[in-house]
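Below is one structure, written out as structure tokens; the observations come after it.
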There are 2 protein chains.
Amino acid sequence: MSTRGSDRPLRADAQRNRQALLVKARELFESGEFFDLRFDDFARLAGVGTGTLYRHFPTREALAEAVYHEEVVALCDRARRLRATLPALEALATFLRDFVDYMHEHHGLARTVATLMTTGSETLAEGSRALEEAVTGLVAAAAEEGTVRGDVGAGAVMMALHGIGAAHDRPGWRAEADGVITLVLDGLVQGAQPSSPNDSPAR
Amino acid sequence: MSTRGSDRPLRADAQRNRQALLVKARELFESGEFFDLRFDDFARLAGVGTGTLYRHFPTREALAEAVYHEEVVALCDRARRLRATLPALEALATFLRDFVDYMHEHHGLARTVATLMTTGSETLAEGSRALEEAVTGLVAAAAEEGTVRGDVGAGAVMMALHGIGAAHDRPGWRAEADGVITLVLDGLVQGAQPSSPNDSPAR
DNA sequence: GATATAAGTGGAGACAATCTCCACTTTTGA
DNA sequence: TCAAAAGTGGAGATTGTCTCCACTTATATC
């Protein structure tokens, strides 16, 4: 997935170092220091030499991407779980609301997304795709159910989510993010073409 | 507005240099090279020494901000003009659609926004505020008219616009951006509370 | 448990971009 | 025309990034 072409398993000590780097990185993400730190200093903080740091993660972004990737996987799992246990529209609504919660708690993730956006990161694109697949599933299910329009793709929803993530430092972030979700959900429901002439209200 | 504390007017040659820098910057924005260039080289390209460049714009971001600011002013003017000449909802819709066009054409602006987002730029915040004021005007007018809900602020719309701007490099950008606008508009209309008594405010 | 070799380490120093400093030039206004 | 104030520009200091390789550690083999 990241960094190394070979597929031979890493030596034990290498694995330990790699893990130490990821753990420290995650810690600094949450505290928001990650992007302000000299990268060499980061190596010392994690208890490895600079050479080792650079071998495992050739750039700051590569490391950020690794952490980002784990977060996205968690998010996708959540989407799948919701989809399996709730009616389609409710699952979608819950996921979107939860997404805001998630961003609210994982402060660092938002900044990471914003940063990766400016670098044209391939992992970000891939992560987006994975997340998008999950969202597509939710949207498509709801569309099939007839509670949601079918003519606006999950891509648009993704874009709104990106906006929420990227604008994390705005003062009234939380309220505005909820507002965006409300608009998106209502916008989706609005255009629905139910099989029967009525419909079930959103949430 | 930017950079200098004093208020004495700039000397003639200084004004010329400053202008040259801005002109060149704008040019490189459009071509997309601005953020990939060595900053010192940029000075030579604009025909001034590095010292001069740094005195006028102490960082690359400061220069980006100056250009950004001009763009935002243009956008705000457009909003005001629309508001004066069209019915409220139509003005809002037109503005949002036009915004996408504008971003589509001014390729560089999108990247600038994305970059400034990651730096916590004060100018970006201020620009957002200005734009937001304009959008607030449009939304409020439409709300008063009764064609649009009143319980979701312009901040949410702004966030969606940020998302559109920041995600400028996504493959299907144009279509998705239009989708977002559709969702936002329909979401706004959806929750409208006409003078008649019914409806429930969505969260 | 000794040995060979492949894998990994870490930090000194090369490199590259940013930015400062100041001897010099240009403008201003008296 | 001249003095003071304002501005210039580029050589070189500074700072963060990254490479290189002499050394250490793990693994596989006997």
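By convention in this document, chain letters (A, B, ...) are assigned in the order of the sequence lines, proteins followed by strands, and residues within each chain are numbered from 1.
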Practice item. Over 60° means perpendicular and under 30° means parallel, so classify the ring planes of A:His106 and A:Tyr102, tilted if in between. Key: parallel
**Study point:** OP1 or OP2 of C:dT18 under 4.0 Å from side-chain N/O of B:Arg60
**Key:** yes
Exercise for review: Please check if the side chain of A:Thr147 supplies one atom and the backbone of A:Ala142 the other of a donor-acceptor pair under 3.5 Å.
Suggested key: yes
Review point. A:Leu10 has an atom CG; how far is it from atom C1' of D:dT27, in whole Å?
Key: 14 Å
Point to revise | Atom pair distance, as rounded to whole Å: CZ in B:Phe57 and P in D:dG7 | key: 14 Å
Review point. Taking N and O atoms by type only, does the side chain of A:Thr50 place a donor or acceptor under 3.5 Å from a partner on the base of C:dG11?
Key: yes
Exercise for review: Measure the distance from CZ on A:Phe39 to C1' on C:dG10 and round it to the nearest whole Å.
Suggested key: 15 Å
Review point. Going by the angle between their ring planes, with limits at 30° and 60°, are A:Trp173 and A:His104 parallel, tilted or perpendicular?
Key: parallel
Exercise for review: In whole angstrom, give the distance that lies between atom CG of A:Leu53 and atom P of C:dG8.
Suggested key: 16 Å
Point to revise | Residue A:Arg16, side-chain heavy atoms: nucleotide from D:dG9, D:dT17, D:dA26 that is nearest | key: D:dA26
Practice item. May I ask you to evaluate whether A:Arg11 reaches the phosphate of D:dT25, defined as a side-chain N or O under 4.0 Å from OP1 or OP2? Key: no
Practice item. Taking only the side-chain heavy atoms of B:Thr52 (C-beta and beyond), determine which of C:dT18, D:dT8, D:dT17 contains the nearest atom. Key: D:dT8
Practice item. Consider the side chain of B:Tyr54, meaning its heavy atoms from C-beta on, and name the nucleotide among D:dT17, C:dG10, C:dC19 that approaches it most closely. Key: C:dC19
Revision key, fill the gap. Looking only at C:dT18, C:dG10, C:dT27, the nucleotide nearest the B:Ala12 side chain is C:dT27
**Study point:** Any A:Arg44 side-chain N or O less than 4.0 Å from OP1/OP2 of C:dG10
**Key:** no
Review point. B:Ser128 and B:His162: side-chain donor and acceptor closer than 3.5 Å?
Key: yes
Review point. Nearest-Å distance, CD (B:Gln15) to P (D:dG7)?
Key: 10 Å
Review point. Hey, is the side chain of A:His56 poking within less than 4.0 Å of OP1 or OP2 on C:dG8, counting only N and O atoms?
Key: no
Check your understanding: What nucleotide among C:dA17, D:dT19, C:dT20 has an atom nearest to a side-chain atom of B:Arg38?
Key -> C:dA17
Exercise for review: Side chain of B:Asp13 only, please: which of C:dT27, C:dT9, D:dA11 is the nearest?
Suggested key: C:dT27
**Study point:** Any donor-acceptor pair under 3.5 Å from B:Arg149 side chain to B:Gly187 backbone
**Key:** yes
Review point. Is the shortest side-chain N/O distance from A:Asn17 to OP1 or OP2 of C:dT9 below 4.0 Å?
Key: yes
Review point. Rounded to whole angstrom units, what separation is found between the CG atom of A:Asp40 and the P atom of C:dA12?
Key: 11 Å
Review point. Over how many whole Å does the gap from A:Glu61 atom CD to D:dG16 atom P extend?
Key: 16 Å
**Study point:** Distance, rounded to the nearest Å, where A:Phe35 contributes CZ and D:dT17 contributes C1'
**Key:** 16 Å
